[in-house]
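The structure under discussion appears below in the form of structure tokens.
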Protein chains: 2
Amino acid sequence: MRDVRRANRAVLLTHLYRSGPLSRHELAQSTALSQASVSNLIGEMIGEGLVEEAGFVESDGGRPRVLLRVAPGYGYVVGADVGETRVQVELFDLSMAPLAKAEYPLSSTTPKPDEVLDRLLDGLGSVVDRAGVDPATVLGLGVAVSGVVERTRDAVVHAQTLGWEGVPLGAMLRRDTDIPVLVDNGAKTLGQAELWFGAGRGSRHVVVALVGSGVGASVVADGASYRGSHSSAGEWGHTTIAYDGCACRCGAHGCLEAYVGAEGILERYRQANRGRPAPGADEESALAAVIAAAPTSKTAAKVLDDTAGYLGAGLGTLVNLFNPERIVLGGWAGLALGGAMLPAIREATARHALRQPYAQATIELCELGPDAVAMGAATLPVAELLSDGGIARAAALAGAGGGAGRAACPTPARAR
Amino acid sequence: MRDVRRANRAVLLTHLYRSGPLSRHELAQSTALSQASVSNLIGEMIGEGLVEEAGFVESDGGRPRVLLRVAPGYGYVVGADVGETRVQVELFDLSMAPLAKAEYPLSSTTPKPDEVLDRLLDGLGSVVDRAGVDPATVLGLGVAVSGVVERTRDAVVHAQTLGWEGVPLGAMLRRDTDIPVLVDNGAKTLGQAELWFGAGRGSRHVVVALVGSGVGASVVADGASYRGSHSSAGEWGHTTIAYDGCACRCGAHGCLEAYVGAEGILERYRQANRGRPAPGADEESALAAVIAAAPTSKTAAKVLDDTAGYLGAGLGTLVNLFNPERIVLGGWAGLALGGAMLPAIREATARHALRQPYAQATIELCELGPDAVAMGAATLPVAELLSDGGIARAAALAGAGGGAGRAACPTPARAR
DNA sequence: CGGTTTCGGTTAATGCTTTGAACTAAGTCA
DNA sequence: TGACTTAGTTCAAAGCATTAACCGAAACCG
């Protein structure tokens, strides 16, 4: 009861954010709140600057409706992507329009936490500066890391690829900045970005399948990211699809990643091509070369054909186990493969999934680029704002304003 | 919010039901409600007969606490299990103590919906009669079917094994009985039973893996059954674990079910045994014979060893994708295999799962027998009662009582 | 053995929040 | 211009949880 108002504000705000501009009337209908309450709460939020009017809609005999939206300029969010080779930091307004961006290469693929910390703080300051945004209006910093992130305040990170074992990244960042910090796994933030702004829009059950050098997945169940008991759910890459099959770098045999991860594909190509690897300086161009060669080279075509089969088996597993509305294929290798042969992948999935769940799912490509990891990270503070109804911030502002303006004022408005 | 009271009653009731007898004080602490509210709400529920006192607990200097529990006799629930060979109907009180049971063989393995309907209604009447329970105190009938059940009011059932395609079992039952009817998939109800009363007690993230002739799973995520977009999530049996492997009855190749389903195991034994099948009239005794022969027969030992490996691969997939606290292995074949070689199965799972999620999960056997499917079905109306805080029923009773006793009374108590 | 302490539980007053209904605002249409 | 529609606001009323003061039942202690 003590936070029913918060809950109602959250419902309203979330609706407004996700379902575009809406009138008070529509909001009342879709949230099952009375018009009076909507008017009341919206009025409060307009007063705080959280919500703003966004034009009218003509009516056929009747007062025209005033459309409302979450004010993009109410605050700003920063998203950061800690990759193996670089740290990317980007600033957005609340409508997720990008305003500034900073990128830092890392000295090694296993950077010290302190180095990453410096880059993050640098980037944070830099993008805020360059966008000309008041630091006090930055609602939060979301950080995406490619590893398992414990869902605690300290945000302890376990990232084998970075060589991090139990790094409390959240706690470390909080020591050096007052801006609220949220940390999550990169695949999950990318999934969130696709869910909100990409190929997953409008769905409540989505699996975002990511294929790059490694293979992972981000599962959204009933609108919320599925984490499991210790936040490491969705480790799709090490699903066994070929019993007693190829060795995988995880130590097991027959993992999906060993077959459809970029490394695995290129290795299969090398073997099929009498030991000669695909041309290209890095994995990305090598894979592109294989794909480009497919129309003319039987070897390349065979390798890709097999890849579609293996990928289909893996996607079929996702379809059967999660019964999603939509599977979104992403990751740089996933996009390359999907762009070249999505029909074959769909067909292979159909062969490996049960008819009914397969028929209920669509398989599509990611719509946002790989930079969406940072954007997804930036959605973390936005999600926080929405689920909170903006109450925490309003209270903080009222408290600060009250403290400065009227020293002896006991408890202004919502500051209790 | 117009039903905050309902929500609070639900929280209290659920807590009381799941965490055994508790005092008002403990309830207040664990639910974050004030003591006054707890007193108030509990008082109301005691008045309705929903909650009752259950003894004291001595204190060391202070008033002794009065323990409370959900009154087992407040109402009764009926659970039914529609299997391929029989319909089982069982009546329980709210503490899930079995009070009466009825079982009907079915005329064929693909029974007409009408035949099943008759048996269910017969069984319902029979168990209520024999337990000597007032039909008006029966809170609901839960029905478990081995197929996909749409989660709508009509409860449309798609069950290939029964030959049912789009049978609105819920709607059909409702035509012939006033008792609230709930229908769900059998694996999910068994999972629910294990979660509440069996090996899953106290966990919020559990996967119940069921191995019989077929193979399935019931996933519990954050305390609630995970259903996916169309309620068919958890189809573990048709996960590909051996690419291009054995043909499965689903039409695909390399499904887990083809390797660790009873049929698959016995087929592999037959092949390893130069075409001679395992002795036994049915699958169950044949599998038992293979297991019994393992210490002396190399063939049998090899087949079971392989089975543990395949099963481990399948369980590893579950561990990686769902990151559960606990995996509960059940189903008649699962129990037989697990009883004989759980350590080998655990070890195989460790080989196929990632270290971290594997370390976070325990693998155990089902504690409840196969009859628990009916019990799980009976938990469906209980869950309904708990999530409702018992308000709907209290209102109905008050309404009926008011209507009979005082004809002109406008709206007694909660009947609005 | 009676007072004191301590903890469990209840009661009355208070304040917050939603809501329903009346009411105002801003249009269209005849 | 006036009837009619639809959107949004205001205000009194009702429902709830909470705070804080207040009983009750035991053990401890001098």
Side-chain angles (χ1 to χ4, degrees), chain A residues 1-12 16 21-47 51-68 389 391 394-395 398 410-416, chain B residues 1-12 16 21-47 51-68 389 391 394-395 398 410-416:
Chain A
M1 173 60 174
R2 72 179 136 296
D3 36 27
V4 39
R5 193 179 186 84
R6 173 197 310 260
N8 284 342
R9 278 179 57 140
V11 168
L12 242 35
L16 214 47
L22 290 170
S23 72
R24 287 168 236 254
H25 199 77
E26 290 164 317
L27 273 172
Q29 282 184 305
S30 52
T31 61
L33 268 78
S34 72
Q35 267 196 56
S37 298
V38 172
S39 231
N40 179 354
L41 294 170
I42 289 290
E44 191 177 69
M45 291 195 276
I46 288 181
V51 171
E52 65 185 20
E53 302 195 343
F56 301 81
V57 78
E58 304 292 319
S59 88
D60 41 336
R63 180 172 171 174
R65 5 183 138 174
V66 177
L67 293 180
L68 302 164
I391 287 234
T411 46
R414 320 239 77 265
R416 266 212 206 150
Chain B
M1 187 173 285
R2 72 181 137 296
D3 36 24
V4 39
R5 192 177 187 85
R6 174 198 307 260
N8 284 342
R9 278 180 57 141
V11 168
L12 241 36
L16 213 49
L22 291 169
S23 72
R24 288 167 235 254
H25 199 76
E26 290 164 316
L27 274 172
Q29 283 184 306
S30 52
T31 61
L33 268 78
S34 72
Q35 268 196 53
S37 299
V38 172
S39 234
N40 180 352
L41 294 169
I42 289 289
E44 193 178 68
M45 290 195 276
I46 288 181
V51 171
E52 65 185 19
E53 302 195 344
F56 301 81
V57 76
E58 304 292 316
S59 87
D60 41 335
R63 179 171 173 176
R65 7 184 135 171
V66 178
L67 293 179
L68 302 163
I391 287 233
T411 47
R414 321 239 78 266
R416 268 211 206 150

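To find a chain, count down the sequence lines: A is the first, B the second, and so on, and within it residues start at 1. Computation of the quantities below employed the complete heavy-atom set of this structure, encompassing side-chain atoms and omitting hydrogens, waters and symmetry-equivalent molecules.
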B:His25 NE2 to C:dG9 P, straight-line distance once rounded to whole Å: 8 Å

Sugar-phosphate, base or nothing in reach of B:Val38, heavy atoms under 4.0 Å: nothing

Value rounded to 0.5 Å, distance of CG in B:Leu12 from CE in B:Met45: 4.5 Å

Base of C:dG8 paired with side chain of B:Arg63 (donor-acceptor, under 3.5 Å): yes

Nearest-angstrom distance from the residue atom CG of B:Asn40 to P of C:dT10: 10 Å

D:dA17 OP1/OP2 closer than 4.0 Å to side-chain N/O of B:Asn8: yes

Between C1' of D:dT18 and CG of A:Asp3, the distance in whole Å: 13 Å

Interatomic distance, B:Arg6 CZ vs D:dG15 C1' [rounded to whole Å]: 14 Å

Nearest to side-chain heavy atoms of A:Ser39, which nucleotide of D:dT9, D:dC16, C:dT18: D:dT9

Closest-nucleotide ordering on DNA chain C, the 5'-leading residue of A:Gly62 and A:Leu41: A:Leu41

Distance in Å, B:Ser30 OG paired with B:Leu16 CG, rounded so as to fall on 0.5 Å steps: 9.5 Å

Distance test, side-chain N/O of A:Arg5 to OP1/OP2 of C:dT18, below 4.0 Å: yes

5'-most by nearest nucleotide on DNA chain C - A:Pro64 or A:Ser37: A:Ser37

Among D:dA7, D:dT19, D:dC11, the nucleotide that comes nearest once only the side chain of B:Ser34 is considered: D:dT19

Rounded distance (Å) that lies between atom P of D:dT19 and atom CG of B:Leu33: 11 Å

Nucleotide C:dG9, atom P - distance to CE of B:Met45 in whole Å: 14 Å

Separation of atom CZ in B:Arg24 from atom P in C:dC7, rounded to whole Å: 19 Å

Stepwise side-chain contact (heavy atoms from CB on, under 4.5 Å) test for A:Leu68 and A:Ile46: CA-CA 9 Å; A:Leu68 302 164; A:Ile46 288 181; 4.1 Å; yes

A:Ile42 side, atom CD1; A:Arg9 side, atom CZ - distance, nearest 0.5 Å: 9.0 Å

Rounded distance (Å) that lies between atom C1' of C:dC7 and atom CD of B:Gln29: 11 Å

Which residue lies more 5' along DNA chain D, comparing B:Gln35 with A:Ser23 via nearest heavy atoms: A:Ser23

side-chain contact (heavy atoms from CB on, under 4.5 Å) between B:Arg5 and B:Leu41, intermediate numbers included: CA-CA 8 Å; B:Arg5 192 177 187 85; B:Leu41 294 169; 3.7 Å; yes

